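One-based numbering, in listed order, for ligands and for the atoms of each. Values in this document were obtained by computation on a predicted structure and should not be read as measured data.
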Amino acid sequence: MKYLDEFRDRDAVRTLVTAIHAATTRPWTIMEICGGQTHAIVRHGLDALLPPAITLVHGPGCPVCVTPIELIDKAIAIAAYPDVILVSFGDMLRVPGSEKDLLTVKAEGHDVRIVYSPLDAVTLARQNPHKHVVFFAVGFETTAPANAMAVVQAHREQLDNFSILSAHVLVPPAIDAILSSPSNRVQAFLAAGHVCTVMGYEEYLPLSRRYATPIVVTGFEPVDILQGIRAAIRQLESGQTEVENQYARAVRREGNIPARKVIEEVFEVTDRMWRGIGTIPKSGYRLRDVYRHYNAETRFDVAAITAREPSICIAGKVLQGISKPHECAAFGHECTPEHPLGAPMVSSEGACSAYFRYGRFTTTTAEV
Ligand code: SF4
């Protein structure tokens with residue numbers, strides 16, 4: 001298959017691993033931003049193939065993981081309103097709020113449903129004019145165009161019974177927050193290819209310059225990731241710092257202009273709270289004034305809800321690359337996929353779920 005098989009090729013993997021070993025002379029720490037990349041690294045044991053001098057740490061690019069607990073509580077409160085249908089993607093239903101998750105709310109008899117597209121939520125609103133459909137819109141820039149299109153479509157159809165609970169977050173401010181933190185140890189980033197497919201990579205140029213940090217836009221297959229690491233090591237070893245595009249088969253410098261336009265039409269940038277990390281300035285999207293009618297937080301009385309993360313969960317440290325999942329005292333004991341304490345153990349992109357699923361209880365093991 002073109003564009004897939006060649007990026008899973010064992011010989012290509014071996015050649016890249018050899019090149020990375022040959023190029024590495026000093027210790028380096030590289031963060032992959034996206035949870036999809038984390039799962040690929042852990043699943044294929046790519047980190048175990050690298051020289052011991054290279055440390056890969058896992059970033060905050062799992063949208064379910066970074067959604068703060070208070071937004072889960074708000075979704076739960078909205079779902080409990082009469083005549084509400086609350087819809088979201090599957091993973092969100094199992095993320096624990098302060099007292100319960102949305103799956104429990106569903107079991108209690110409230111109408112909570114899984115959708116595969118935000119436009120399905122609009123269809124649901126059209127089909128249920130006597131109910132109010134709330135779409136719990138989580139995601140990075142990748143999912144923002146589809147969510148924006150759902151709002152535009154509801155507006156076109158003048159659907160009064162549709163709104164979104166927005167939990168949109170943005171990658172560049174998160175990189176900024178990590179690099180400006182006194183506890184930062186990341187020296188290069190693998191940026192998330194799918195985010196850059198939408199947004200391009202011009203936003204990363206000033207970040208790379210300001211912090212003298214290589215940023216390599218990288219895909220999700222083993223060869224993609226190893227090419228991204230090789231590019232990052234090449235820059236680190238030579239003292240270069242620039243933005244490189246490894247994922248050129250999908251990413252253009254300017255991104256997807258029509259997708260960016262629909263985001264720009266519907267959303268504006270706002271400060272956003274990240275799970276375990278806190279508020280990062282200008283790191284999320286909220287609805288523009290012209291679409292404020294579709295804001296579930298103001299249509300339901302939930303704006304005042306606040307919540308605290310469970311103290312045992314170190315998701316904030318895991319999401320900033322400060323700790324690895326198996327360094328959490330609860331990992332594999334109190335916290336498992338069946339009984340998760342934090343979102344990174346629930347999400348299909350969460351680092352804790354990757355470590356549990358692929359048996360990373362202490363050390364790495366190569367599987368390629
Ligand atoms: S293992 Fe569980 S409790 Fe620990 S950081 Fe991960 S999600 Fe939180």
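Side-chain contact between V186 and V57 is present, with heavy atoms from C-beta onward closer than 4.5 Å.
Here the two rings, on Y355 and H58, have centers that are under 6.0 Å apart.
For atom 8 (Fe) of ligand 1, protein N/O/S neighbours under 2.8 Å (waters excluded) are C313 SG.
Comment: D5 does not engage R8 in a salt bridge, judged by the lack of any side-chain N to carboxylate O separation of less than 4.0 angstrom. Electrostatic pairing of E108 and K100 counts as a salt bridge here, judged by a charged N lying under 4.0 Å from a carboxylate O.
Of the possible polar contacts, none joining the R272 side chain to the L170 backbone as a donor-acceptor pair under 3.5 Å is found.
A cation-pi arrangement is absent between R299 and Y81, since the terminal nitrogen or guanidinium carbon is not both under 6.0 Å from the aromatic centre and inside a 45° cone about the axis.
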